[in-house]
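Working notes, beginning with the structure itself.
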Amino acid sequence: MTLFLKKGFLIIFIFLLSNITIAQNKGIDSLKNELSIAVQDTIKYKLLGNISLKLSSINQNEAKKYASEALIISKKIDDKLIIATSYNRLGVIENALGNYDEAYLNYDNAIKILESEKSQPFYVLYVETILNKGIVYLNQGEHEKSLSILFKSLKGAENINDKIVAEEKMAAAYTNIANVFFHQQKLDEALKYFLKSLELSKKNNNQSAVATTLGGIGIVYGSKNELDKAAEYFIEQSEINEVIGNKQGAATAIGNLGIVYTYQGKLEKALECQLKSLEYGKELDDKRLIAYGYNNIGQAHFALANRDKAIDYMNKSLELAIEMKLRSLISDNYKGMADIYKNAGQYDLALEYLTQYIAIKDTLFNEKSNKQITEMQTKYETEKKETENKLLTKDNALKDAQLNRQQLITFGVGIVLVLALGLTVLIFISYKRKKKNNLLLERKNIAIENQKNEIENKNRLITDSIDYAKDIQDAIMPLISNIKKVFADAFIFYQPKDVVSGDFYWFYESKNHVYLSAIDCTGHGVPGAFMSLMGYNLIEKIVKQQKITQPSKILDVLNVAVLKTLKQENDENSAKYGMDMSLVKIEKETKKLEYAGAHNSLFIVRDNNLSVIKADKVAIGTKRQMESNFTNHQFQLKNDDVIYLYSDGYADQLGGPKRKRYYSSKLMSLLTDISKSSMEMQQETLQQTFNDWKGNIEQLDDLLIIGAKI
């Protein structure tokens, strides 16, 4: 039996996130409550950032949701530093989730902004961001690229004016440089940089960084087979992380402690630790922790002679490692599988896995790579010494120059006195001329300032009015919690293009029936919002007061009401302002569905097959056969069917490599693919797919997709 301790440890990296300035001492629920009533974008942004930061050590996917919202708000605020900060934070979360391409994209977006400015806050964030980008390369086994960027961030950190901030960034750089050397099995170099980081982190009482660095030192001692020392550091790391509530750090420490127990022969304790670490990883939805957790559990089962379980967990780890391009972990799994099959006497399989292990190991530890890394370290140390020597030489040169300067001063004073007399006369003449010009300029400035104040006051009134309109619109929208009480599960993907929306959704539950509708009004922003409020009130009146219950009849009556309300009863104005919509009515006991639609069809997915109930190609607000424009469709639903109602914003969005529309056919395919997932996951997939498709293109319309499981 072979244990592969030196490659079994999981290192957790120090990512840097810009400081958030409010509410650090408050709980997540308290921050969410504040967010729900916040009006100003700057306050919303800070609250979203705080929530995301707190969630980043608890639930990465939820943290990503709030970080994405913060990015959207930051663009509305239109402050370059805030936008770059949002990109950096989102990059950290994508990195932790193993979404490396998305992490690179966010970091590069931040760097592009930060390189355009020279002020200190921009420079500090630039140092943070390039360090975080270096960690992505390290995650993927790109050691030369990683080390090059990490040394660049270290050098940058040394030039930060604020000493405490500089030392925080330097400590993070030292830790991650140490990680590279550990992966290259240069253990003494790794230990040297870990100790440098620990000294700075303790000095500044940064407990999170202290815990991470303790874990790094424990890993080095474990790889040196000094197991008792390694265990001490992992236990201390775990205790600190438990105190500060860092579940990700605690999972790492417990997993590494389990590896030590495995090597010490304390196999039951080892397995217990690994299972607890994996539990944390799954709770955090951290794919990287899960991947390493599976590998470590596989090792523990191998040591316990549970061959089938060892193979099962190794395969799970290998699958995730390949998905996330974690080359070091891929290598670990190949070596582990080779050892397992060798131990079982299945030498053909052992040779197959050993060949793959050697192939990937060669790419990680080749001579050229080691040479380049050594050159980078030497270059950094040399440049540092050269800088110190230049400062010393400059100091001596200043002393010589000071002596020469004294001799010149005496001569220079005489010349200056003569010139001063002449200049005095010129200055007096110039002063009189400038005084007259300044008086005229001051009058113009006063007029401009008055105009500026007037414009700002008007803008503030407009903004306040729009925000108030949004509060009203939010208040009338049905609660998703009420919808979930009726259906097995449900989601609402709702994303206005502007502050207020022309899309809205409507829900009503009577004694025997449930009504659900997605409505897309003409326009978006303020005009669309006015239409949505009018439409909501008309539907409420038709169903609840007039007691009209058949979907097609509801749309017929709504059509007439819109025509009359907006005075569109003549042909010229017909459908100038209107609505597209889908409306379903479901009988609770029999699950019989009735549907009517204006342009927007209904999608029903059953057993991964999507059916389309087509809408009438008539908009609400159209003067045709005024009494019966719309068709009433019927469909018998079954348990686990999923229905989807939508507006056209998603399908009409431009994006992709050719900047084309997404199209309804692609949306139908996506909904079919995700229909078996949880509703929460479906909503997240729709959001991510939309963001990826849109890229840097502006959102063109309001978005609304409703999914409900029967």
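All heavy atoms count here, side chains included; hydrogens, waters and symmetry mates do not. Keep in mind that what you see is a predicted model, and the values were worked out from it rather than measured.
- Interatomic distance, Leu583 CG to Ile539 CD1, rounded to the nearest 0.5 Å: 7.5 Å.
- With Tyr107 contributing its side chain and Val92 its backbone, the two residues share a donor-acceptor pair below 3.5 Å.
- Under the rule for a side chain to side chain donor-acceptor pair (under 3.5 Å), Ser517 has no partner lying at least two apart in sequence or in another chain.
- Distance CE/Met531 to CD1/Ile620: 10.0 Å, rounded to 0.5 Å.
- Contact check for Ser86 versus Tyr45: side-chain heavy atoms found under the 4.5 Å cut-off.
- Remark: the backbone N or O of Tyr536 is not paired with any side-chain donor or acceptor of Trp506 at under 3.5 angstrom.
- With Asn106 contributing its side chain and Glu102 its backbone, the two residues share a donor-acceptor pair below 3.5 Å.
- Across Gln636 and Thr590, no two heavy atoms sit closer than the pair NE2-O, 2.6 Å.
- In this structure, Thr672 contributes its side chain and Asn608 its backbone to no donor-acceptor pair below 3.5 Å.
- Ile586 places none of its side-chain heavy atoms less than 4.5 Å from the side chain of His513.
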CA sep, side-chain torsions, deciding dist, call: Ser68, Lys65, side chain to side chain contact (heavy atoms under 4.5 Å, CB included) = CA-CA 5 Å; Ser68 299; Lys65 183 181 78 171; 5.9 Å; no

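- Looking only at distances, a side-chain donor or acceptor of Asn559 sits under 3.5 Å from a matching main-chain atom of Gly621.
- The environment of CD in Gln550 is crowded: more than 12 heavy-atom neighbours from other residues, nucleotides or ligands sit within 6.0 Å.
- Val618 approaches Ala598 most closely through the heavy-atom pair O-CB, 3.1 Å.
- Of the possible donor and acceptor atoms, one in the side chain of Asp79 sits under 3.5 Å from a partner among the backbone N and O of Ile82.
- The cationic group of Lys666 does not satisfy the cation-pi geometry with Tyr663, failing either the under 6.0 Å distance to the six-membered ring centre or the 45° limit from the ring axis.
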| Residues Leu125, Thr129; criterion side chain to side chain contact (heavy atoms under 4.5 Å, CB included); working and verdict | CA-CA 6 Å; Leu125 184 57; Thr129 307; 4.1 Å; yes

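- Between Asp503 and Pro496 there is no side-chain heavy-atom pair separated by less than 4.5 Å.
- Ion pair Lys497/Asp702 not flagged as a salt bridge, since none of the NZ, NE, NH1 or NH2 atoms sits closer than 4.0 Å to an Asp/Glu carboxylate oxygen.
- No donor-acceptor pair closer than 3.5 Å links the side chain of Asp692 to the backbone N or O of Thr689.
- Asn600 and Asp648 form no side-chain donor-acceptor contact under 3.5 Å, judged by distance and modelled atom types alone.
- Checked against side chain to side chain donor-acceptor pair (under 3.5 Å), Gln687 has the following partners two or more places apart in sequence or in another chain: Gln495, Asn691.
- Counting heavy atoms from C-beta on, the side chains of Tyr505 and Ile519 never come closer than 4.5 Å.
- Of the charged side-chain nitrogens involved, at least one lies within less than 4.0 Å of a carboxylate oxygen, so that Glu62 and Lys32 count as a salt-bridged pair.
- Considering every non-hydrogen atom in both Val642 and Met679, the closest pair reads CG1-CE, 3.7 Å.
- Between Ala96 and Gln248 the shortest heavy-atom distance is CB-NE2, 4.3 Å.
- Atom CG of Asn512 and atom NZ of Lys585 lie 9.5 Å apart (nearest 0.5 Å).
- A distance-only check finds a donor-acceptor pair linking the side chain of Asp616 to the backbone of Thr631 [under 3.5 Å].
- One N or O on the side chain of Asn632 and one on the backbone of Ser552 form a donor-acceptor pair closer than 3.5 Å.
- Within 6.0 Å of atom CD in Glu589, 12 or fewer heavy atoms from other residues, nucleotides or ligands are found, so the atom counts as exposed in its surroundings.
- Side-chain contact between Leu686 and Tyr650 is present, with at least one heavy-atom pair separated by less than 4.5 Å.
- For the pair Asp108 and Lys133, the salt-bridge criterion is met [side-chain N within less than 4.0 Å of a carboxylate O].
- A salt bridge does not link Asp489 to Lys709: none of the charged side-chain nitrogens sits closer than 4.0 Å to a carboxylate oxygen.
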**Asked** Where do Tyr595 and Phe635 land on the ring pair (Phe, Tyr, Trp, His ring centres under 6.0 Å) test, with the steps shown first?
**Response** CA-CA 8 Å; Tyr595 157 80; Phe635 188 91; over 10 Å; no

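- The backbone N or O of Tyr104 sits nowhere less than 3.5 Å from a side-chain atom of Glu94 that would complete a donor-acceptor pair.
- A salt bridge links Lys287 and Glu323; the closest N-O separation between the charged side-chain nitrogens and carboxylate oxygens is under 4.0 Å.
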Apply side chain to side chain contact (heavy atoms under 4.5 Å, CB included) to residues Asp641 and Ile643 and explain how you reach the verdict. CA-CA 7 Å; Asp641 286 350; Ile643 62 173; 5.6 Å; no

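- Two residues are said to be in side-chain contact when any heavy atoms from C-beta on lie closer than 4.5 Å; Arg661 and Gln653 fail this criterion.
- Ionic pairing of Glu509 and Lys588 is present here: one or more N-O contacts between side-chain nitrogen and carboxylate oxygen are shorter than 4.0 angstrom.
- The aromatic rings of Phe491 and Tyr644 are tilted relative to each other, their planes meeting at an angle between 30° and 60°.
- Counting non-hydrogen atoms of neighbouring residues, nucleotides and ligands closer than 6.0 angstrom, the NZ atom of Lys544 exceeds 12 such neighbours.
- For Gln546, the CD atom sits in a packed shell: over 12 heavy atoms of surrounding residues, nucleotides or ligands are nearer than 6.0 Å.
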Report the C-alpha separation of Trp693 and Leu654 in whole Å, then their side-chain angles, then the decisive distance to 0.1 Å, and conclude whether the side chain to side chain contact (heavy atoms under 4.5 Å, CB included) test is met.
-> CA-CA 8 Å; Trp693 178 260; Leu654 296 179; 5.7 Å; no

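- Note that the NZ atom of Lys592 and the CD atom of Gln634 stand 4.0 Å from one another [nearest 0.5 Å].
- A 6.0 Å sphere centred on CD of Glu680 holds no more than 12 heavy atoms belonging to other residues, nucleotides or ligands.
- In this structure, Ser74 OG and Lys80 NZ are separated by 13.5 Å, a value rounded to the nearest 0.5 Å.
- Remark: Leu703 CG to Leu700 CG distance equals 9.5 Å, nearest 0.5 Å.
- Counting heavy atoms from C-beta outward, Asp556 and Ile548 have side chains that stay 4.5 Å or more apart.
- Looking at heavy atoms from C-beta onward, Lys64 lies in side-chain contact with Asn99 at the 4.5 angstrom threshold.
- Of all the heavy atoms in Phe630 and Ala619, the pair that sits closest is CZ-O, 4.2 Å.
- Residue Tyr646 is tested with Phe603, Tyr494, Phe493 for a ring-ring contact (aromatic ring centres under 6.0 Å, His included); the sole match is Phe603.
- Smallest separation of non-hydrogen atoms from Asn95 and Ala103: N-CB, 3.8 Å.
- Not a single salt bridge (charged side-chain N to carboxylate O under 4.0 Å, His left out) links Glu587 to another residue, sequence neighbours left out.
- A salt bridge links Lys247 with Glu283: the closest approach of a Lys/Arg side-chain nitrogen to an acidic carboxylate oxygen falls below 4.0 angstrom.
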